[in-house]
Novice: 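First the structure, then my questions, so here it is.
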Amino acid sequence: VCGIRVIPVNAPGFAGPKNLGNRIAGEVLLEHVIGTGGPGPSGNGGKESGGGPTVNLIGEYNIAGDLWNVEPLLQEAGIRVLSRITGDSTFQEITYAHRAGLNVVLCSRALVNVARGMERRYGIPYVEVSFFGKTEISKALRMIGSWYGLSGKIDAVVRREEKRLSERLRQYAHLRGMRAVLYTGGVKSWSFVSALLDLGIRIVAVGTKKSTFEDEEKIRDILGPDAPLVEDVSPSSLRRLMKEKKADILVAGGRNLYLAMKEGFPFVDVNQERHIAYAGYDGLVNLAEQISNSIRFFSRKTWGKRQESGVRSQNMKSNLQSAISINPLKHSQTIGAALALQGIDKAIPVIHGAQGCTFLAKVLMTKHFREPVALAGTRLFTEDVVMGGDENAVRVVQEFIEKQRPDLIGILTSGLSEVKGDDISGVIKEFKIQNSKFRVIHVSTPDYEAGMEKGYSGATEAVLRATVKEQAGKQDKMRGRINVLAGAHLTPADFIELREIIESFGLMPLILPDLSSLDGARPGFSALSAGGAKLSDIEGMSGSVFTIAIGMSMESPARFLHEKYGIEYIVLDSVAGLQGTDALMKILSSLSGRPVSRRYLRQRMVLVDGMRDAHFYLSGKRVCTALEPDLSVQTSAWLREMAVNIELAVLPYSPRAADTVIAKKIVIGDLFSVRGDFDLLISNSHAEDTAARLGVPLYQMGFPVYKIIGYTTRITIGYRGTLSMINDTANLLMKGVH
C-alpha cells in the first residue's frame, strides 16, 4: 500500500543472545532481500560491467567508522565494495549483493551463515578476515588482492601504510612490555590479541566466555598452546586477574567499564558501544592513543604531580612578548581594583581618569555579572588634565558622601592621572579631617603596567591597611576565626561554596573581598555595593588566627597581615582539582582539629568516579588556555590531573604565577598569540572569534564571560566545581566525536 518493502524478522528478545539475532536477520536478508535487485552473477569472475573487481563485506557494522578506515585502501587497489552487510549500507545495495565476486566475512559468529548461503545459491566464495591490527589488516588486504590478481597494487598500498604506521607509532613506544587483560567476543577475541601484540603489549589473560571454539583455536595459533585463556570473566574474576597478573590495562566491552572505573584500572572499550574506530592502520593508532591516554590518566605519577619534565615552561624569557596587542587578553589594574571593591558592603570605587576608562570598566563588569555594579568616575577632560584634576576627585567624593553615605570610597588612579601626578593623598587627607565615619582610600592602578589581578590584590591590601585595627592590648586571637583573601579568578558561586566548606569545619571565615552577592542575589538597585564584607568585620581581621590566600596574586595582602599583626598565612595557588581541594581540606582540618565531613568525602569519591568516566574524552587532548595568571595556574592543575596536554598557555602579563602554570609552552601575549593545533580553547568570551578561527570549541571562563548564561552561578572550586568543569569540557569534546 505504501510502496515500501516489508520483511519479517522473528527475533524475540528472550530467545537468545545478540549474535543469534544477527544470524536470524541474516537469514531473512538471504531469503527476502539478497538477489532481488537484478540478475544473478555476471559470470565474468566477479567483475561487474564497467565496475571492476567487487566484494561484499559481511558482518562489518562500521562501528565508530571502522569501515571508513579500510574501504579507501581497497578502492585505491581497484577493488570496489559492492555491498556492506550491514554497516554504512543501503537497502538497495543489499538487494544486488549476489553480483559480487567475493564475500569477505568480518564476524563469522554473526553472519557466516549468510556467506555460506550465498556460496550455495550464487557460487560466491568467501574468506574470513580481520581488519584489527597491522598484522591482520595487511594479511586481509593481501588475501583479497591475490584473489583478483592485484597483489602488486595491494603490496604497494600495504608497504606505504605500514611505513606510515611505524612512524606514527613511535610516540607510543612506551606501551611495549605493558600487560593487558582482554575480554571480548567473536572475531575481536583473537584479532585484538593480534592488534595488542602489534603494539608490543603482552597479553596476560584472555576471557573466552563469548568466544567460539574456532575463536579459541585462533587465539592459540597466535599466542601458542599455553595461551592464557580464562572462562570465568565475572567482575570478581577480572578484578583478581588484573591484580594477580599485574596488568596495566583492561581491554574489554562497555559492560566492564564501571568495574574498571570503580577499581581504578586503565580501560579501553573495544565493543560496539565505543565511539572510536579501531580498524585499519589508522585504527591501530587510535587504539594505541586510547591505551596510552588511559594508562597515563590512571598513573598516580600524573595525578596531582605539579611539575613534570618537559611540561612546565623552563625559560620564560624565551617566550617573547609582543610590543603590540592585536587582540587584547589583558584587562587593566583599574578594572581589577573596581572588582575587588564590589566585594565590600556599601563601598564605591571611583576611577580618577577619563570618562572612557570608567565606561569600559562598567560595561565589562555589567555584562559579566549581568548585574548593576557600583562604579563612578571623575571624568577628566583636557582642561582638567592641564589645570589639575584634584578638584574633580574632591567633588565626586563629596557628592557620594552627601547623597549615598558610603562606608568606603576607593579612588583608583588610571594611567592618565598617574602620569599627570595628581595629589590623591591630599584629597584623602582632607576627607579624613572632615569625617571619620567613612574611609577614603587611594589605590594606584596604572593601566599601562601589570593587569587585573594586580589591581584586585592592590585594592584588597589598601583596604586592609586603611581599615584593620590592632586588637586592644594585643589580646589572644579569636579561636576558630580565619581570614580568607579570595582571588579575582573565583566566581560569585565559588565564594558561597568556599564559605560553606570552611564553616563545615566549625571555623568562622572573614572573606575579603566577598563577591558572593553578585550571583544575582543583590536586592533592588543601589549606587553602592550591596553585600560582601562589612567594614566592621574587616577591622577585626587582626584578631584572626590564620590567613588563607587563594591565588598567588593575593600573597601581598596576606604578607601585610603577617608583618603587621603576626598572623601566619598560606597561599593556595589552586583550590580546584583533587590535589588543590585536598590541600584546602587538609589545612582546614588542621586549623579546626576536625576531620573532613562525610559530605566532602562523598564529593571526593564522586569526583574521582567522574574523572574516570570523563578521561576517555579528555585524556591526551590538546588544550590551549588564555586566562589571567591565577586562573591559568588553577586550570592547568586540574587539566593535568585529567592527563590533558596543555600545549599552550597565553598570559596577559608575566607575574610570578607564570612559573607555576603547567604547560608545554607559555607565551606572554594576547588572543592573537593563540596559534597551533588544539582540540579545545579555554578563555573568556572575547576568544569566541579565536576559537572559530582555530575550528575548536571554546570553554568560556575567566573575565569577562557574557556569551553564555549562568557563569556567575557556576562553581569552579572544590570537588563539586572540578567535576562540573570536567563534565562541561568533556561534553564539548564529545560533540566532535563521530
Side-chain angles (χ1 to χ4, degrees), residues 340 343-345 460-461 463-464 467-471 474-487 489-517 519 521 531-552 554-555 557-562 564-604 607 630 634 715-722:
I344 299 173
D345 190 43
T460 303
E461 184 170 344
V463 170
L464 291 173
T467 307
V468 178
K469 295 181 178 180
E470 186 78 55
Q471 299 299 299
K474 294 186 178 181
Q475 63 187 25
D476 292 339
K477 304 295 184 184
M478 184 175 290
R479 183 177 180 182
R481 193 170 73 183
I482 63 172
N483 302 323
V484 180
L485 305 179
H489 58 296
L490 304 186
T491 70
D494 288 335
F495 286 84
I496 298 171
E497 182 79 355
L498 186 62
R499 180 178 295 279
E500 290 180 355
I501 290 173
I502 295 171
E503 289 178 346
S504 74
F505 286 87
L507 298 169
M508 296 173 289
L510 294 178
I511 301 177
L512 180 70
D514 183 357
L515 301 177
S516 59
S517 63
D519 65 351
K534 297 183 181 297
L535 242 60
S536 57
D537 291 332
I538 300 172
E539 289 177 353
M541 292 181 81
S542 60
S544 297
V545 297
F546 198 77
T547 297
I548 298 176
I550 299 176
M552 298 184 72
M554 301 303 285
E555 181 170 13
R559 189 187 308 116
F560 162 74
L561 290 174
H562 172 65
K564 181 76 172 178
Y565 303 107
I567 304 173
E568 296 296 328
Y569 71 92
I570 189 170
V571 178
L572 297 178
D573 55 10
S574 173
V575 285
L578 275 178
Q579 184 185 22
T581 310
D582 285 350
L584 174 63
M585 296 291 178
K586 183 177 180 180
I587 291 165
L588 296 176
S589 179
S590 176
L591 289 171
S592 65
R594 294 186 181 183
V596 180
S597 69
R598 290 184 178 181
R599 174 185 179 184
Y600 294 108
L601 292 176
R602 179 183 175 83
Q603 286 184 14
R604 190 185 195 281
L607 171 59
D630 279 351
Q634 179 162 285
I715 300 173
T716 68
I717 66 169
Y719 300 126
R720 285 202 306 164
T722 303

Novice: Go through the structure and list residues passing side-chain hydrogen bond (donor to acceptor under 3.5 Å, both in side chains) with Ser517, not counting sequence neighbours.
Specialist: Arg522

Novice: Write down the atom of Thr460, the atom of Ala340, and the distance for their closest heavy-atom approach.
Specialist: OG1-CB, 4.2 Å

Novice: Starting at CD1 of Ile501, measure out to CG of Leu584 and round the result to the nearest 0.5 Å.
Specialist: 6.0 Å

Novice: Can you name the closest pair of heavy atoms from Gly577 and Thr722 and give their distance?
Specialist: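 Shortest heavy-atom separation between Gly577 and Thr722 comes out as N-OG1, 2.7 Å.
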
Novice: Looking at side-chain heavy atoms only, is the closest gap between Tyr600 and Glu500 below 4.5 Å?
Specialist: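 Of all side-chain heavy-atom pairs linking Glu500 with Tyr600, at least one is under 4.5 Å.
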
Novice: Within the structure provided, determine whether Ile717 and Gln634 are in side-chain contact (heavy-atom separation under 4.5 Å).
Specialist: yes

Novice: In Å, rounded to the nearest 0.5 Å, how long is the span from CD1 of Ile502 to CD1 of Ile511?
Specialist: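 Atom-to-atom, Ile502:CD1 and Ile511:CD1 are 5.5 Å apart.
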
Novice: Taking Ser589 for its side chain and Val596 for its backbone only, find out whether a donor-acceptor pair lies under 3.5 Å.
Specialist: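 Not a single qualifying donor-acceptor pair exists.
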
Novice: Of all heavy-atom pairs between Pro513 and Phe495, which one has the smallest distance, and what is that distance?
Specialist: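 Between these two residues, the closest heavy atoms are O-CE2, 3.0 Å.
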
Novice: For a side-chain contact (heavy atoms from CB on, under 4.5 Å) check, start with the C-alpha distance between Ile550 and Leu498, then their side-chain angles and the critical distance, and finish with the verdict.
Specialist: CA-CA 10 Å; Ile550 299 176; Leu498 186 62; 3.4 Å; yes

Novice: Go through the structure and list residues passing side-chain hydrogen bond (donor to acceptor under 3.5 Å, both in side chains) with Asp630, not counting sequence neighbours.
Specialist: Ser553

Novice: Compare every heavy atom of Gly531 with every heavy atom of Asp345, then report the nearest pair and how far apart it is.
Specialist: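 That closest heavy-atom pairing would be OD1-N, 2.9 Å.
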
Novice: Taking the side chain from Asp582 and the backbone from Gln579, do they hold a donor-acceptor pair closer than 3.5 Å?
Specialist: no

Novice: Go through Glu503 and Met508 one step at a time and tell me if the side-chain contact (heavy atoms from CB on, under 4.5 Å) criterion holds.
Specialist: CA-CA 6 Å; Glu503 289 178 346; Met508 296 173 289; over 6 Å; no

Novice: So which heavy atom on Ala533 is nearest to which on Asp514, and how close?
Specialist: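 Heavy atoms only, the tightest pair is N-CB, 3.8 Å.
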
Novice: Walk me through whether Leu512 and Asp537 qualify under side-chain contact (heavy atoms from CB on, under 4.5 Å).
Specialist: CA-CA 10 Å; Leu512 180 70; Asp537 291 332; over 6 Å; no

Novice: Does a side-chain heavy-atom distance below 4.5 Å link Met541 with Leu485?
Specialist: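 Answer yes - side chains close enough.
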
Novice: Using 0.5 Å steps for rounding, measure from the CD1 atom of Ile482 to the CD1 atom of Ile548.
Specialist: 4.0 Å

Novice: Can you tell me how far the CG atom of Asn483 sits from the CZ atom of Phe546, to the nearest 0.5 Å?
Specialist: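 Nearest 0.5 Å value for the CG-CZ distance: 10.5 Å.
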
Novice: After noting the C-alpha distance and the side-chain angles of Arg598 and Arg602, does the key distance pass the side-chain contact (heavy atoms from CB on, under 4.5 Å) rule?
Specialist: CA-CA 6 Å; Arg598 290 184 178 181; Arg602 179 183 175 83; over 6 Å; no

Novice: With rounding to the nearest 0.5 Å, note down the distance linking CG in Asp494 to CD1 in Ile715.
Specialist: 7.0 Å

Novice: Please report the interatomic distance OG1(Thr467) to CD1(Ile344), rounded to the nearest 0.5 Å.
Specialist: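 Atom-to-atom, Thr467:OG1 and Ile344:CD1 are 7.0 Å apart.
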
Novice: What's the shortest heavy-atom distance between Ser516 and Ile496, and which atoms?
Specialist: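 Heavy atoms of Ser516 and Ile496 come nearest at CB-CG1, 3.7 Å.
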
Novice: What residues form a side-chain hydrogen bond (donor to acceptor under 3.5 Å, both in side chains) with Thr581, not counting sequence neighbours?
Specialist: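 Here no residue qualifies.
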
